[in-house]
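Just so it is clear: chains get the letters A, B, ... in the order the sequence lines come, proteins before strands, and each one is counted from 1. Below, each value reflects all heavy atoms present in this structure, side chains not excepted, and no hydrogens, waters or symmetry copies. Quantities reported herein were computed from a predicted structural model and do not represent experimental measurements.
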Amino acid sequence: MKWPRLSRRGALRVGLVAAALLPLELLRQRTADRGLGPWLRWTFSGRARDLFGPNSTVSVVRQPDYGVGVPAALAAALQPLGLPDLRGKQVVLKPNLIDHIPDFPTTTHPAVLDAAIAYFQAAGARVTVAEGSGFRRDGRQLIHEAGYNPVLDGRNVPYVDLNYDDLERVPVKGGYSRLEALFLPRTVLEADFFVTLPKMKTHHWGVLTLAMKSLYGVVPGVRYGWPKNTLHINGIPPTIVELAQTVPPSLAIVDGIVGMEGDGPLYGTPRETGVLVAGRDLVAVDATCARIMGFDPSEVDYLSFAGWAGVGVVAERKIRIVGTPIAEVRQRYEHAPIFL
Amino acid sequence: LRGLVEGGREFLIAAQRPEGAWGYRPGGMAFVEPTAWALLALRGGPDVAAAVRRGQDWLAGQQRPDGAFGAFPADSLPSWMSGLAALALRGRPEGEHALDWLIRLQRSIPLFTGDPEPLRRTAGIDGRKRGWPWAPGDATWTEPTAIAVLALAAGGRRDAPEVRDGIEFLFDRAGPDGGWNLGNPFMLGKPMRSEVPFTGQALLALRAAGVEAGQPRVSAALAFLRERLPGLVSPHSLAWARLALPLWDGPRPDAPALAPLQRADGSFEGNILMTALALVAEAGATPILGIAP
């Protein structure tokens, strides 16, 4: 068969058509996983948030140790954030209690939890402490080992193990993962004000574990197993962002007094950082912590994703830091080793 | 002892929901796990036949056509709790149906065909060993495997090849400290800590499956439990330790007692799962779980 001879004009037309189709093909490939519609929605939402959305405020307050200065430092961190009137409200505090390993800073320090309880009780709130460990079946033994019992008893605060709470089916809001819905604990869903109290740590799968990643602790073990592998199977970055949008805490207070670098979230090295970081935009809090730890937020997939989709603010120009400037407390945390 | 058991039974009976199920706490929503353990705890007790019958009927009514159980009524997906339901419904057709499902589930897991070395190097496990997942599609872990092995062995299927697979899986997942955790003995080459409940479950399953005393993994796990016993304050962990140790060690008079942790209402921590586990532990696993002495 003899091919027709292509004129210069014909060749130009073919080139133009190819040039027009190439971006569409690239777009098709990029959106193959979740579909073009959601991709466009997230893109426009993120751009609109970036261009027209309000700035986020993040408090950074120095606190060198877990001594008597913690309550004042925590109050100083929360004062600029404009918290609502919490008199008579149900406040749920969720520390990071993935596991307790002696001599490793795996969990939120009891002194930070104690200061947070005292702060919200003084504000007139009814306080509950709640967490669902990803590694431990017995939460009662875990809170004993983590040193929480004197705090809970001393403040007369109940503890709810979220791994065994009553559950409600909640459709996920973002659609970032393949999950359509999650069964989530009523203690969290019915809280008037939900506060996450994560530890500042590196993470061998997520790069960092801060306020957003700590939300894995609200996913119930009796339904999703230990270590809540359903979330891993559905992708760590999308499920982190999914949770941050589906059960958004009202506030995050990060225990960065002694953080963890290297082989986090369990066997890393203690890193004295001497800060409490707080804010109501979890994405902005995590982005600020990343910068304090010496990371560019773009290195952290879930933060890039959350910023791009407009779940919160990542851009430094959109975050108003109150208290101590990042440059004065910035460290260079050792990265976690890569898994597999 | 008599006071502990009677008080615990009264608490469980009072906490039973109108439809016959139990939640994790009185007034809480119905779940299969606490219902199954409450039924095991009440089995054979005086004046509880009606409550047990209602509980068993509710549990049997939760069974899916394929034999599996969800974790709770609104949960449409098969769950690891199917093994517990099979234990609690032992001797009924629904129990046999659940055991059939457990066998089919394990057979449906694809064989590991990749290079086992990377997983061995980083997590210290052999991906070719076949256990059970928390739910179909998940990876395989300690507790669902232990519960499945226990249910199958207690249900008269000790010689099934799937039970042998489960034993090998549990041996492979034992930690360097002697016990078991959720199923990751190492992470990036670092040893992970074991936990008493997972260790108790694995030991119970191995005993039910006929593993003999003196097996090195078993000896190491018993040493782990003995070492942890003095530091246990939670009824949950203490019950699992007291349940597993006598199967191999005989009664241990030096083991911390559960009774001082019991509340005036007969419960442990006001928690139905913990209370049921404590009662099963006090009664001993042999008659309740069908483990041959």
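Of all non-hydrogen atoms in B:Ser234 and A:Arg140, the two that sit nearest each other are OG-CB, 3.6 Å. Shown here for A:Gln141 and B:Val233, the closest heavy-atom pair between the two residues is OE1-N, 3.0 Å. Here the shortest heavy-atom pairing between A:Pro227 and B:Trp141 reads CD-CH2, 3.3 Å. Here the closest heavy-atom approach between residue B:Lys190 and residue A:Asp263 is recorded as NZ-OD2, 3.0 Å. The two residues A:Tyr164 and B:His236 make their nearest non-hydrogen contact at OH-CE1, 3.6 Å.
The aromatic rings of B:Phe72 and A:Phe183 stand perpendicular to each other, their planes meeting at an angle above 60°, with 30° marking the opposite boundary.
Under 4.0 Å is where a charged nitrogen must lie from a carboxylate oxygen, and between B:Glu33 and A:Arg223 no such pair does. Taking a cutoff of 4.0 Å between a charged side-chain nitrogen and a carboxylate oxygen, B:Asp75 and A:Arg169 do not qualify as a salt bridge. Between A:Arg137 and B:Glu143, at least one side-chain N (NZ, or NE/NH1/NH2) sits under 4.0 Å from a carboxylate O, which counts as a salt bridge.
In terms of non-hydrogen atom pairs under 4.5 Å with chain B, the most contact-rich of A:Asp138, A:Leu167, A:Asp99, A:Asn229 is A:Asp138.
In this structure, the side chains of B:Arg193 and A:Phe135 stay at 4.5 Å or more apart for every pair of heavy atoms.
With a 4.5 angstrom heavy-atom cutoff, B:Asn181 does not touch chain A via any of its atoms. Using a 4.5 Å cut-off between heavy atoms, A:Ile101 contacts chain B through both its backbone and its side chain. Using a 4.5 Å cut-off between heavy atoms, B:Met192 touches chain A through backbone and side chain atoms alike. Contacts between A:Asn149 and chain B at a heavy-atom distance below 4.5 Å are absent for every atom of the residue.
For the atom pair OH of A:Tyr159 and CD of B:Glu269, the computed distance is 11.5 Å after rounding to the nearest 0.5 Å. Between atom OG of residue B:Ser237 and atom CD of residue A:Glu145 there is a gap of 7.5 Å, rounded to the nearest 0.5 Å.
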**Request:** Take A:Val222 and B:Met81 through the test side chain to side chain contact (heavy atoms under 4.5 Å, CB included) and record every step on the way to the result.
**Result:** CA-CA 9 Å; A:Val222 293; B:Met81 294 184 192; 3.8 Å; yes
